[in-house]
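For reference, the structure discussed in these notes is given below.
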Amino acid sequence: MSHYVVIGAGQAGASLVAKLRKDGFTGEITLIGAEPVLPYQRPPLSKAYLLGDMALERLFLRPESFYAEQSITVKLGQPVTAIDPVGKTVTVGDEVIAYDQLALTTGSDPRRLPAAIGGDLDGVFVVRGLDDVDAMAPHVVKGKRALIVGGGYIGLEAAAVAAKLGVKVTLVEMADRILQRVAAKETSDYFRTLHSEHGVEIIEGIGLQRLVGTDGRVTGAILSDDSEIDVDFVVVGVGIAPSTALAEMAGLEIENGIKTDALGRTSDASIWAAGDCASFPYRKGRLRLESVPNAIDQAECVAANMMGGETAYVPQPWFWSDQYDVKLQIAGLNTGYDHIVSRLGDGQTVSFWYYKGGQLLAVDAMNDPRAYMVGKRLIDNGKTADPAIVSDPEADLKPLLKA
Ligand SMILES: Cc1cc2nc3c(=O)[nH]c(=O)nc-3n(C[C@H](O)[C@H](O)[C@H](O)COP(=O)(O)OP(=O)(O)OC[C@H]3O[C@@H](n4cnc5c(N)ncnc54)[C@H](O)[C@@H]3O)c2cc1C
């Protein structure tokens with residue numbers, strides 16, 4: 001019987017094994033995860049779960065019974081330490097497991113602050129896993145002072161939760177503005193205003209010089225302009241790096257992640273990759289996405305291809321972020337945009353449309369599901385939107401879909 005092994009029991013791994021069974025794979029399936037818990041959704045970690053609004057059980061993608069019913073062997077709590085692509089085996093602890101086909105869904109690792117600048121002090125947290133958030137949550141209480149390092153989506157979401165729980169929050173962003181890497185100035189401005197209305201102090205264009213501590217515990221921070229602030233805990237949200245160490249050791253080609261072809265196959269014909277860890281051909285270059293929709297869609301595409309399919313993976317990117325009472329929904333990829341068309345509703349309901357020349361590339365919609373939905377449909381179908389209609393908040397967007 002053929003044996004498919006999947007390394008990484010996160011969003012992509014769980015989607016991949018489920019899809020194999022759904023499509024009728026009758027061989028053996030083993031899903032191996034380093035974390036000691038069943039595959040779970042990460043987005044609530046910096047949102048409802050950290051806020052205390054979501055129970056642990058609701059984080060899990062599937063109940064334990066699902067894996068048993070589907071005859072999927074799940075091994076948790078131990079990382080795979082080696083792959084032998086010639087002998088076609090993987091090593092977990094003392095066990096060596098043979099595979100016919102292997103998929104890597106190893107996700108990504110959060111960037112941490114170096115110990116030399118206090119990154120190893122107690123009270124310094126990253127937000128990647130359940131263990132990180134469970135360790136941080138007891139500190140996120142009224143009256144504490146938090147420093148958030150990094151003004152990307154994770155840092156801003158953590159700031160929103162902390163502020164809601166009564167923490168005095170300072171956020172430092174080294175770049176000129178928050179969200180600089182991922183969004184237009186208009187979106188940065190919107191979220192800066194939102195946070196300052198909730199009492200979060202956002203400092204842009206200034207980085208962290210170093211953290212200081214007493215008895216191994218963080219007590220303060222010195223910023224790059226030599227100013228000092230007192231803190232009780234620190235949240236580091238300075239990005240992630242794809243988890244490629246295992247693939248590198250196995251000799252697989254790496255290019256901003258584990259390099260795959262359009263089908264999701266790596267440089268080894270029996271090894272596949274999907275999710276945060278994988279970079280795939282896109283237009284004239286390569287792309288690696290860090291999102292739940294990508295993890296699911298790519299993993300499902302790879303599962304079908306592992307069973308003999310020949311479907312190229314074509315992403316239809318979308319993303320979301322929750323901060324206070326604002327739901328941001330993003331459709332498309334804004335890379336290469338040259339101008340923005342704003343649709344200014346009532347101040348809370350706003351959307352920003354990214355264009356390159358006459359072509360619509362992406363939409364950031366705040367509390368505006370209709371703008372998001374219309375924008376997504378247009379972008380997925382390679383269509384554009386008349387800026388005159390987009391910019392008029394009184395104009396109905398739906399006719400754009402028929403244009
Ligand atoms: C706090 C937070 C909030 C987020 N919010 C959003 C959001 O709002 N919207 C959105 O679209 N995306 C969001 N994301 C991103 C999204 O969660 C990820 O893109 C998605 O989880 C990627 O899935 P994945 O399976 O590739 O990786 P992961 O879900 O990270 O799973 C990878 C798994 O592989 C395991 N692993 C790694 N190496 C080994 C090994 N050697 N052996 C065994 N197991 C191994 C890891 O321990 C991990 O459990 C968020 C992420 C975080 C951390």
Side-chain angles (χ1 to χ4, degrees), residues 5-18 30-51 54 59-61 74-83 90-93 95 97 102-111 125-133 136 150 152-158 160-161 182 235-237 239-250 257-258 264 273-280 288-300 302 315 317-323 327-331:
V5 172
V6 180
I7 304 177
Q11 183 74 65
S15 303
L16 201 158
V17 295
T30 303
L31 175 64
I32 308 171
E35 294 180 80
V37 284
L38 287 170
Y40 59 92
Q41 29 171 347
R42 292 183 196 279
L45 294 183
S46 52
K47 307 178 181 79
Y49 183 75
L50 180 60
L51 197 56
M54 189 175 186
L59 284 185
F60 295 117
L61 294 166
V74 184
K75 290 181 179 294
L76 299 172
Q78 263 192 311
V80 170
T81 49
I83 300 169
V90 303
T91 305
V92 196
E95 206 179 349
I97 302 172
L102 178 67
L104 301 179
T105 52
T106 47
S108 44
D109 302 310
R111 294 211 176 86
F125 303 99
V126 292
V127 196
R128 181 71 199 171
L130 194 49
D131 53 347
D132 297 319
V133 176
M136 179 169 71
Y153 286 119
I154 297 221
L156 290 171
E157 288 181 353
V161 171
V182 288
V235 181
V236 181
I240 57 175
S243 272
T244 56
L246 193 61
E248 276 176 68
M249 280 194 304
I258 304 169
D276 279 12
C277 68
S279 83
F280 55 91
R288 191 178 60 77
L289 292 170
E290 300 165 0
S291 76
V292 165
N294 174 67
I296 296 171
D297 295 348
Q298 196 180 16
E300 292 191 345
V302 164
W318 61 277
F319 190 80
W320 76 95
S321 174
D322 298 331
Q323 295 169 46
K327 177 167 267 311
L328 162 68
Q329 293 169 290
I330 304 171

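Order of listing sets the numbers, starting from 1, for every ligand and every atom in it.
Atoms of ligand 1 lying under 4.0 Å from any heavy atom of Glu290, numbered from 1 in the order shown and given with element: 19 (O). For ligand 1, the atoms sitting less than 4.0 Å from at least one non-hydrogen atom of Gly275 are 26 (O), numbered in the order shown with element in parentheses. Remark: ligand 1 atoms within the under-4.0 Å shell around heavy atoms of Val127 are 1 (C), 53 (C). Every atom of ligand 1 with a heavy atom of Ser291 under 4.0 Å away is listed here by number and element: 11 (O), 12 (N), 19 (O). Below 4.0 Å from some heavy atom of Gly10 lie the following atoms of ligand 1, by number and element: 25 (O), 29 (O), 31 (O), 33 (C). Heavy-atom contacts of Pro293 reach the following atoms of ligand 1: 11 (O) (cutoff under 4.0 Å). If you number the atoms of ligand 1 from 1 as listed, the ones under 4.0 Å from a heavy atom of Ile32 come out as 43 (C), 44 (N). Using a 4.0 Å cut-off to heavy atoms of Lys47, the atoms of ligand 1 that qualify are 5 (N), 6 (C), 7 (C), 8 (O).
At least one N or O atom of Trp320, backbone or side chain, sits closer than 3.5 Å to an N or O atom of ligand 1. No N or O atom of Pro79 sits closer than 3.5 Å to an N or O atom of ligand 1. On a distance-only criterion, Ser243 and ligand 1 share no N/O pair closer than 3.5 Å. Remark: ligand 1 and Ile7 share no N or O pair separated by less than 3.5 Å (distance only, no angle test). Annotation: Trp318 places no N or O atom under 3.5 Å from an N or O atom of ligand 1; distance criterion only. Backbone and side-chain nitrogen or oxygen atoms of Gln11 are examined, and one is located within less than 3.5 angstrom of a nitrogen or oxygen of ligand 1.
Taking the six-membered ring for Trp and thresholds of 30 and 60 degrees, Tyr153 and Phe319 have ring planes inclined between 30 and 60 degrees apart.
When non-hydrogen atoms are compared, ligand 1 lies under 4.0 Å from the side chain of Leu246 (C-beta onward) but not from its backbone. Contacts between Ala295 and ligand 1, counted as non-hydrogen atom pairs separated by less than 4.0 Å, involve the side chain only. Contacts between Tyr153 and ligand 1 below 4.0 angstrom, taking non-hydrogen atoms only, are absent altogether. By the criterion of a heavy-atom distance under 4.0 Å, both the backbone and the side chain of Asp276 are placed next to ligand 1.
Of all protein heavy atoms, the one lying nearest to atom 27 (O) of ligand 1 is Gly107 CA, 3.3 Å. The shortest contact between atom 14 (N) of ligand 1 and any protein heavy atom is with Pro43 CG, 4.3 Å. Of the protein's non-hydrogen atoms, Gly8 CA, 3.7 Å is the one closest to atom 35 (C) of ligand 1. Taking atom 24 (P) of ligand 1 as the reference point, the nearest protein heavy-atom neighbour is Ala12 N, 3.9 Å. Nearest protein heavy-atom contact of atom 41 (N) of ligand 1 is Val80 O, 3.1 Å. The protein atom (non-hydrogen) at minimum distance from atom 10 (C) of ligand 1 is Phe319 CE1, 3.2 Å. Taking atom 17 (O) of ligand 1 as the reference point, the nearest protein heavy-atom neighbour is Arg42 CB, 3.4 Å. Closest to atom 49 (O) of ligand 1, if we only count protein heavy atoms, is Glu35 OE2, 2.5 Å.
A distance-only check finds a donor-acceptor pair linking the side chain of Thr106 to the backbone of Ser243 [under 3.5 Å]. A donor-acceptor distance shorter than 3.5 angstrom exists from the side chain of Arg42 to the backbone of Arg128, with no hydrogens or angles considered. With Thr244 contributing its side chain and Ala247 its backbone, the two residues share no donor-acceptor pair below 3.5 Å. A donor-acceptor contact shorter than 3.5 Å links the side chain of Arg288 to the backbone of Asp276. With Thr105 contributing its side chain and Gly8 its backbone, the two residues share a donor-acceptor pair below 3.5 Å.
Leu76 CG to Glu35 CD: the interatomic distance, rounded to the nearest 0.5 Å, is 9.5 Å. Rounded to the nearest 0.5 Å, atoms CH2 (Trp320) and NZ (Lys327) are 7.0 Å apart. For the atom pair CD of Glu95 and CD of Gln78, the computed distance is 8.5 Å after rounding to the nearest 0.5 Å. A distance of 9.5 Å separates CD1 in Ile32 from OG1 in Thr91, rounded to the nearest 0.5 Å. Taking CE from Met136 and OG from Ser46, the interatomic distance works out to 8.5 Å, rounded to the nearest 0.5 Å. For the atom pair Lys47 NZ and Ile154 CD1, the distance stands at 7.0 Å (nearest 0.5 Å).
Taking both residues in full, the closest heavy atoms of Ala12 and Gly275 are given as CB-CA, 4.1 Å, listed atom of the first, atom of the second, then distance. The two atoms that bring Pro39 and Ala14 nearest to each other are CB-CB, 3.7 Å, heavy atoms only.
At least one side-chain heavy atom of Val292 sits less than 4.5 Å from a side-chain heavy atom of Pro43. Counting only heavy atoms from C-beta outward, the side chains of Leu50 and Leu45 never approach each other to under 4.5 Å. Proximity of Gln41 to Leu61: side-chain heavy atoms (C-beta onward) are separated by under 4.5 Å at one or more points.
Looking at Thr106, Ile296, Leu328, it is Thr106 that brings a heavy atom closest to atom 38 (N) of ligand 1.
In this structure, Gln41 falls outside the shell of residues with a heavy atom less than 4.0 angstrom from ligand 1. Every heavy atom of Cys277 sits 4.0 Å or more from the atoms of ligand 1.
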